[in-house]
Amino acid sequence: MVASAKPKPPAAAFASFVNLQHRRAQGCVQNRRRVVGLVAALAACGILLLLKTNKRDKWSIMKSPSPEPGAMYSLPHFHEGQCETEIPAELDGRAFEFVTDTEAPQETGINSLMPQKVRFVDASKTYDVTKQRIPYQAAAKTDEMLKQEYFDTKSFMQKELKRDPRKKPEDLVTKTDHVDVCTSCTNYEGLKGALHGTHVIDITNDRQLFYDDYLVKDWKNIIRFVNQPVSQDVVMRRISNEDGFLADPRCPCSIMETETGFKMYFAALLSKQLTHTNRQVAVTAYSHSKDGLTSWSHPKQIDFKLWDQEKDRTIAIYEFDYLNRSRRIKYVAGYQGDAGQSCVAGSEDGVVFRPLAHKSDVGTFYCNKSYLARAGDTYIVPLYDSKRGRELVWYREDFGTKSGWREIRGMHAAEINRTFEEMDRPKTGIGKSHAKWYLDRLGKLERFRRQVYSLTWTEYTPGFFLGLMTVLEWGKDMEEEIGPNFCAFERDTANIYLVTSRDGVHIDDEWVYAQQPLIPHGVLQKDWNSGFMMSGTQIVSTKDGKWDRVYFEARTTRHEKRMKEEGVIAAATFRKDRLAGLKAANKREASFLVTKTLAVQGVALYFDVDTAAPKSSITIEILTTEGKPIPGYSGKCSIPIEGQDGEVGTRWINPKLAAKCQSPYTSLSHLLQSLKHIKIKVRLFGDAKVYSFRFSSR
């Protein structure tokens, strides 16, 4: 990644002038709209000087759009009371998504970039999901705002960027062939196969979530939304151990529920006095809590064999129950070796860890020659795919350009040629490199807009993976005003997004491009969660079956300054299986979805819904594999689910009470045991929301 940006003149003079105008206006500005009017006019002149173009179409800088209030990303920040941008009138009450604007000029190469635009959901059409995905509800931004993002990203080409101060490893060969291909497109091709490669889905008793399009065949007037957490609180601040040493907690961090409560592993600096100079070196400590939220015990440091105390050696730890059969290891961890190498360790008790590698495979000095190679910072994630019985490792991949050997942060998914237990044997290596990609859906200049900072995974149900993608937004852009009462940072900060995968390799990252983070930021810079964020390793589903928790590091500073001030670890709590769901795009129009063919096992059917809002309801219809309603179990015979917020059993009108509901099947149990293969049609009315369904054996 490139270092801090220094604009060339006259951009520097322009920025100074804008800042001066803002400072003069601080004492008298009463609302955001006045400031935007001033800066918008100045920006039109400034952008002309920043970018050179000979085009004279609608994408020319000469015709750059005037931004809506709150749209100018290059604006200085506003004061308290002006940070909440109103939803533009043209978006209010309408369902929409962001799509790539194919009408814009097509560009290729390292300086390519495509803009996004708003597309409203057409409530009148029925779509095949393999041809038109269910849209993801996007952030409240207009076309003008999205175009401004496009121009802001383009402006990075006219800035002087310092070279990466990190020294390139001598044995590293920088490859730039990725510049000629869309790496995200390769991921999406594999994703489509993972989502729709199977026409008949074997359904177990696990809850089936509508977090992606895997279960759906057809849909009409539907949109996917992401929920806000029920609560979001700091769970750990600076903490001292039994000897009085202070621990400044941060991620990488791993949290798991035990028989007696919760155990957290976290990166920490243990010292008598925390200063800015020694904050850069960390160890891995662990602590216990009964509820996972409060009263954490004094931290203790893990015992890592061959650990180099003089270097930053933090590890991301996962617990794998399937490894219990051998008793050799139960915990597998990824850690950064020498020269940024990606390495793996194991432990039987979660306290004493040893490298899971043979010296012939990782070199003679603390994993300085790993078969995984670079990059080992942030997270190295060991992932077990229980459905396919394979071990994967996800970690950072450096993508170089002429501007820098590690300018673009990407990801690498590699399958190991041995089980985790056998990785300390000779000749362990990568059996298959499944995927290497970075965020370039919109073109190669997208590297200035966003980059993957880290990616962690949880196998939520067999073969279904939920990921937490931390995305660095507008990295190295330090132009925003700083002050406790200024709005929370939007640039050189990081957001945490929900991503999914059906094969552990290809990911669905639509929430990133919808600009809808899973974890909300604070409003003002004085808020504890106003700046940099980084996710923990797992989504923790509590054993009581009530909650899903996302633990994360949060700071009040930008990414570049994150180690200069104290950080915290926090938890966002969601109702179980309700990170995201489906609802009607236009609640005044008919909406429904039809599943793919389901091979079912069970005698009862339950849906997790929210129909508590007035005039909201859901009806369930059982169809044949040809899509025809089964007599007695059609929508007309379905008893509407109304006034409910939780899991509800499906019911139909008793055929003895209505001749139209006569059926050859005496009960739903009889139907399911007789047919084995069915489809389900879900109709949503009003503000109804549906999250998941499951079949039960009783």
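Numbers for residues simply follow the sequence, beginning at 1.
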- Item | Charged N-O contact under 4.0 Å between Glu473 and Arg491 | no
- Answer yes or no: is there a side-chain heavy-atom contact under 4.5 Å between Ile201 and Tyr214? yes
- Parallel, tilted or perpendicular, as decided by the 30° and 60° cut-offs, for the rings of Phe96 and Phe120: perpendicular
- Between Val226 and Pro517, which heavy-atom pair has the shortest distance, and what is it? CG1-O, 4.5 Å
- Message: Please confirm whether the ring centroid of Tyr633 lies under 6.0 Å from the ring centroid of Trp652.
- Response: yes
- Tyr460: partners by ring pair (Phe, Tyr, Trp, His ring centres under 6.0 Å), with sequence neighbours left out: none
- Message: Can you tell me how far apart OG (Ser591) and CD1 (Ile222) are? Round to the nearest 0.5 Å.
- Response: 4.5 Å
- Query: Counting distance only, does the side-chain N/O of Ser638 pair as donor-acceptor with the main-chain N or O of Ile620 below 3.5 Å?
  - Reply: yes
- Check for a donor-acceptor pair, side chain of Gln208 on one end and backbone N or O of Phe693 on the other, with a separation under 3.5 Å. no
- Message: Run the ring pair (Phe, Tyr, Trp, His ring centres under 6.0 Å) test against Tyr211 and tell me which residues pass, sequence neighbours left out.
- Response: none
- Rounded to the nearest 0.5 Å, how far does CD of Glu510 lie from CD of Gln137? 13.0 Å
- Query: From Tyr497 OH over to Gln515 CD, what is the distance, rounded to the nearest 0.5 angstrom?
  - Reply: 6.5 Å
- Item | Pairing of Arg133 and Asp508 as salt bridge, 4.0 angstrom limit | yes
- Item | Lys/Arg-Asp/Glu bridge criterion (N-O < 4.0 Å) met for Asp548, Arg575 | no
- Taking NZ, NE, NH1 and NH2 as the nitrogens, is one of them in Arg441 or Glu446 under 4.0 Å from a carboxylate oxygen of the other? no
- After noting the C-alpha distance and the side-chain angles of Trp394 and Leu455, does the key distance pass the side-chain contact (heavy atoms from CB on, under 4.5 Å) rule? CA-CA 8 Å; Trp394 276 82; Leu455 177 59; 3.6 Å; yes
- Val505 and Asn187: which non-hydrogen atoms are nearest, and at how many Å? O-OD1, 4.3 Å
- Query: So, the side chain of Asn221 versus the backbone of Glu589: is there a donor-acceptor pair under 3.5 Å, distance only?
  - Reply: yes
- Task: Apply salt bridge (Lys or Arg N to Asp or Glu O under 4.0 Å) to the pair Arg224 and Asp213, showing each step before the final yes or no.
- Result: CA-CA 10 Å; Arg224 183 169 284 114; Asp213 292 341; 3.1 Å; yes
- Item | Exam field: side chain Ser617 to backbone Phe685, donor-acceptor pair closer than 3.5 Å | no
- Message: Is a donor from one side chain sitting under 3.5 angstrom from an acceptor on the other, for Lys444 and Tyr438?
- Response: yes
- Message: Rounded to the nearest 0.5 Å, what separates atom OG in Ser634 from atom NZ in Lys681?
- Response: 10.5 Å
- Message: Hydrogens and angles aside, do Asp218 and Thr126 bring a side-chain donor and acceptor to less than 3.5 Å of each other?
- Response: no
- Query: So, for Ala494 and Met533, which heavy atoms are closest and what is the spacing to 0.1 Å?
  - Reply: CB-O, 3.3 Å
- In terms of side-chain heavy atoms, does Asn227 have a donor or acceptor partner in Tyr691 at a distance below 3.5 Å? yes
- Message: Here's one to test your reading of the geometry: is the NZ or CZ of Arg502 within 45 degrees of the ring axis of Phe464 and under 6.0 Å from its centre?
- Response: yes
- Task: Salt-bridge test for Arg694 and Asp577: reply yes if a basic N is under 4.0 Å from a carboxylate O, no otherwise.
- Result: no
- Task: State, with a plain yes or no, whether a side-chain heavy atom of Gln601 is found less than 4.5 Å away from one of Phe695.
- Result: no
- Pick from Thr595, Thr624, Leu598, Ile622: which one makes a side chain to side chain contact (heavy atoms under 4.5 Å, CB included) with Lys679? Thr595
- Item | Residue pair Lys192 / Tyr188, side-chain heavy-atom distance below 4.5 Å | no
- Item | Pairwise side-chain contact, Trp547 with Ser231, heavy-atom cut-off 4.5 Å (strictly under) | no
- Determine the minimum heavy-atom distance between Asp206 and Thr461, stating which atoms define it. CB-CG2, 4.2 Å
- Task: Could you give me the CA-CA distance, side-chain angles and deciding distance for Phe592 and Arg683, then say whether side-chain contact (heavy atoms from CB on, under 4.5 Å) is met?
- Result: CA-CA 4 Å; Phe592 66 82; Arg683 293 184 181 272; 4.0 Å; yes
- Query: Short question: side chain of Ser663, backbone of Pro631 - any donor-acceptor pair under 3.5 Å?
  - Reply: yes
- Message: Set out, in order, the CA-CA distance, both residues' side-chain angles and the distance that settles side-chain contact (heavy atoms from CB on, under 4.5 Å) for Trp437 and Thr186, then state yes or no.
- Response: CA-CA 8 Å; Trp437 55 266; Thr186 303; over 6 Å; no
- Message: What I want to find out is whether Arg388 reaches Asp385 closely enough, with some N-O distance under 4.0 Å, to be called a salt bridge.
- Response: yes
- Is Tyr665 close to Leu672 at the side-chain level, that is, under 4.5 Å between some pair of heavy atoms? no
- Message: Looking at every heavy atom in both Ile618 and Val690, which two are closest together, and how far apart are they?
- Response: CD1-CB, 4.2 Å
- Query: Can you find a pair of side-chain heavy atoms, one from Ile408 and one from Gln451, that are under 4.5 Å apart?
  - Reply: yes
- Without swapping roles, check the side chain of Thr493 against the backbone of Glu490 for a donor-acceptor pair under 3.5 Å. no
- Query: Which pair of heavy atoms, one from Leu113 and one from Glu107, lies closest together, and at what distance?
  - Reply: N-OE1, 2.9 Å
- Query: From Phe156 CZ over to Asp477 CG, what is the distance, rounded to the nearest 0.5 angstrom?
  - Reply: 4.5 Å
- Output yes when a side-chain donor or acceptor of Thr153 lies under 3.5 Å from a complementary backbone atom of Glu149, and no otherwise. yes
- Task: Drop me the distance from Leu472's CG to Arg447's CZ, to the nearest 0.5 angstrom.
- Result: 14.0 Å
- Electrostatic pair Glu647:Arg207 at N-O distance under 4.0 angstrom: yes
- Close side-chain approach of Ile134 to Phe210, heavy-atom, < 4.5 Å: no
- Query: Passes side chain to side chain donor-acceptor pair (under 3.5 Å), Ser501 versus Asp503? Steps please.
  - Reply: CA-CA 6 Å; Ser501 176; Asp503 60 3; 3.1 Å; yes
- Message: Pairing donors with acceptors under 3.5 angstrom, does anything connect the side chains of Asp202 and Thr204?
- Response: no
- Judged by atom type as modelled, is there a donor-acceptor pair below 3.5 Å linking the side chain of Ser155 to the main-chain atoms of Asp152? yes
- Message: Would you say that Thr619 contacts Glu621 through its side chain, given a criterion of any heavy-atom pair below 4.5 Å between the two side chains?
- Response: no
- Task: Please report the C-alpha distance between Trp511 and Met469 in whole Å, then the side-chain angles of each, then the deciding distance to 0.1 Å, and finally whether the side-chain contact (heavy atoms from CB on, under 4.5 Å) criterion is met.
- Result: CA-CA 10 Å; Trp511 289 122; Met469 181 184 285; over 6 Å; no
- Item | Leu466 backbone acceptor or donor facing Thr500 side chain under 3.5 Å | no
- Query: Taking 4.0 angstrom as the limit, do Lys587 and Asp687 come out as a salt bridge?
  - Reply: yes
- Verify, without hydrogens or angle tests, whether Gln232 (side chain) and Asn529 (backbone) share a donor-acceptor contact under 3.5 angstrom. no
